[in-house]
Number of protein chains: 2
Amino acid sequence: MSQCCEGDLECPCPPIGLIDVVGKKWAVCVVSLLGKYGTVRFGPIQHCLSGVSPATLTSTLRSLEREKLIRRVFVDGARGPVQGYTLTPSGNQLYQSLLPLAGWLRSA
Amino acid sequence: MSQCCEGDLECPCPPIGLIDVVGKKWAVCVVSLLGKYGTVRFGPIQHCLSGVSPATLTSTLRSLEREKLIRRVFVDGARGPVQGYTLTPSGNQLYQSLLPLAGWLRSA
DNA sequence: CGGAATCCCATACGATACTG
DNA sequence: CAGTATCGTATGGGATTCCG
């Protein structure tokens, strides 16, 4: 993965590694969803994203986990604990700084 | 391109089409660069992005042009007019709403 | 210098089937 | 319900070459 940047201009570019994570097709959606609703389980996330394939969603969730932007949590359901996903503090910072962009994207 | 969103949760996700543009590996870098420096030519952009291949850079620039986020301009150089790229008003709005995210990405 | 054309590869993504 | 496994395709992106 090449590094940005090495030119004469001072580089305003974010690190490529995080771009790769945030740039994943559904990553921004998942972060926005968790930011808005707190803890969400696998099924509702998948349903909200119009039936994205479970493999793809899992891949997105795992990469977000690796970057410590989300984490798995267990909540008490009617029949025992169930899993869910929620933002880490770092993920919540991302969510906050993502809000203006998300707003602009929707209005553009 | 599947649509987001159709679940019970109200969807906070931005449109997928623009995600695809902004999510391109170098798109955020280019927008940040033009936002900071105004008009920049092909060469300096490429150099600043650590020698990204011309094909890739061209692809990025074209997709940004299609979305009317940047446009080509001609400026008077020493030996006749030369080309450059600059943000459109819409692109500048994107740049503004991108600043918090770019800042967070760099600090994360 | 500013690209366009071509080739090639890695992988993101979707579809489907299956498991605990 | 919450994934995992497998497969196939589309395409983003790098390397190289060539052109005005």
Side-chain angles (χ1 to χ4, degrees), chain A residues 1-4 7-8 13 16-17 19-30 33-34 39-67 70-86, chain B residues 1-4 6-8 13 16-30 33-34 39-67 70-86:
Chain A
M1 195 71 68
S2 58
Q3 276 299 321
C4 172
D8 296 331
C13 307
I16 294 303
I19 297 244
D20 285 342
V21 174
V22 175
K24 286 196 76 162
K25 184 172 176 179
W26 302 108
V28 170
C29 295
V30 170
L33 202 56
L34 298 188
T39 298
V40 189
R41 297 172 59 184
F42 190 94
I45 296 177
Q46 185 184 14
H47 191 214
C48 180
L49 302 191
S50 298
V52 58
S53 77
T56 300
L57 181 54
T58 296
S59 160
T60 299
L61 292 172
R62 293 296 167 272
S63 67
L64 287 172
E65 261 188 296
R66 268 195 306 275
E67 296 294 326
I70 68 174
R71 63 188 170 84
R72 265 184 271 206
V73 294
F74 296 88
V75 294
D76 285 329
R79 298 191 299 268
V82 292
Q83 279 191 30
Y85 295 88
T86 194
Chain B
M1 196 70 69
S2 59
Q3 277 299 321
C4 171
E6 64 180 16
D8 296 331
C13 307
I16 293 302
L18 277 167
I19 297 244
D20 286 342
V21 174
V22 176
K24 287 196 77 164
K25 183 172 177 181
W26 301 107
V28 170
C29 295
V30 171
L33 201 55
L34 299 188
T39 297
V40 189
R41 297 173 59 186
F42 191 94
I45 297 177
Q46 184 184 15
H47 191 215
C48 181
L49 302 191
S50 296
V52 57
S53 78
T56 301
L57 180 54
T58 296
S59 161
T60 299
L61 292 172
R62 292 297 165 272
S63 67
L64 287 172
E65 262 188 296
R66 269 197 305 276
E67 296 294 326
I70 68 175
R71 63 188 170 84
R72 264 184 272 205
V73 294
F74 296 88
V75 293
D76 284 328
R79 298 192 299 268
V82 293
Q83 280 191 30
Y85 295 88
T86 195

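Numbered from 1 within each chain, the chains take letters A, B, ... in sequence-line order.
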**Complete:** Here the distance between atom P of dC1(C) and atom OH of Tyr85(B), to the nearest Å, is 15 Å

**Item:** Atom pair distance, as rounded to whole Å: CG in Asp20(B) and C1' in dG13(D)
**Value:** 15 Å

**Message:** Looking only at side-chain N and O atoms, does Lys25(B) offer a donor or acceptor that is under 3.5 Å from a partner on Thr56(B)?
**Reply:** no

**Message:** So which atom in Ser53(B) and which in Gln46(B) form the shortest heavy-atom distance, rounded to 0.1 Å?
**Reply:** C-NE2, 4.2 Å

**Prompt:** Can you find a side chain N or O atom of Arg72(A) that sits less than 4.0 Å from OP1 or OP2 on dG3(D)?
**Reply:** yes

**Request:** For Cys29(A) and Leu49(A), work out which heavy atoms get closest and say how close.
**Result:** CB-CD2, 3.8 Å

**Complete:** When rounded to whole Å, the CZ to C1' distance for the pair Arg62(B) and dG2(C) reads 10 Å

**Item:** Distance in angstrom units between Glu65(B) CD and dA4(C) P, rounded
**Value:** 9 Å

**Message:** What contact category does Gln83(A) fall into here, base, sugar-phosphate, or nothing, at under 4.0 angstrom with non-hydrogen atoms?
**Reply:** sugar-phosphate

**Message:** Rounded to whole Å, please give me the gap between NE2 in His47(B) and P in dC1(C).
**Reply:** 11 Å

**Prompt:** To the nearest 0.5 Å, what is the distance between CG (Leu57(B)) and OH (Tyr85(B))?
**Reply:** 7.5 Å

**Request:** Decide yes or no on side chain to side chain contact (heavy atoms under 4.5 Å, CB included) for Trp26(A) and Ile19(B), but give the supporting numbers first.
**Result:** CA-CA 9 Å; Trp26(A) 302 108; Ile19(B) 297 244; over 6 Å; no

**Message:** As a test of reading the structure: which of dT6(D), dG3(D), dG14(D) is closest to the side chain of Pro54(A), going by heavy atoms?
**Reply:** dG3(D)

**Message:** Among dA2(D), dG13(D), dG14(D), which nucleotide has an atom closest to any side-chain atom of Val52(B)?
**Reply:** dG14(D)

**Request:** Indicate whether OP1 or OP2 belonging to dT11(C) is found under 4.0 Å from a side-chain N or O atom of Lys24(A).
**Result:** no

**Request:** Take atom CD1 of Ile19(B) and atom P of dC13(C), then tell me their distance rounded to the nearest Å.
**Result:** 11 Å

**Request:** Please determine, for the side chain of Thr58(A), which listed nucleotide (dA4(C), dA15(C), dG3(D)) has the closest atom?
**Result:** dG3(D)

**Message:** If the cut-off is 4.0 Å, is Arg41(B) near the phosphate of dC1(C), judged by side-chain N/O to OP1 or OP2?
**Reply:** no

**Item:** Any Thr56(A) side-chain nitrogen or oxygen under 4.0 Å from OP1 or OP2 of dG14(C)
**Value:** yes

**Fill in**
Among dA2(D), dA17(C), dT6(C), the one nearest any side-chain atom of Phe42(A) is dA2(D)

**Asked** Could you give the CG-to-P distance, from Leu57(B) to dA5(C), as a whole number of Å?
**Response** 16 Å

**Asked** Tell me: CG of Leu49(B) to C1' of dG3(C), nearest whole Å?
**Response** 15 Å

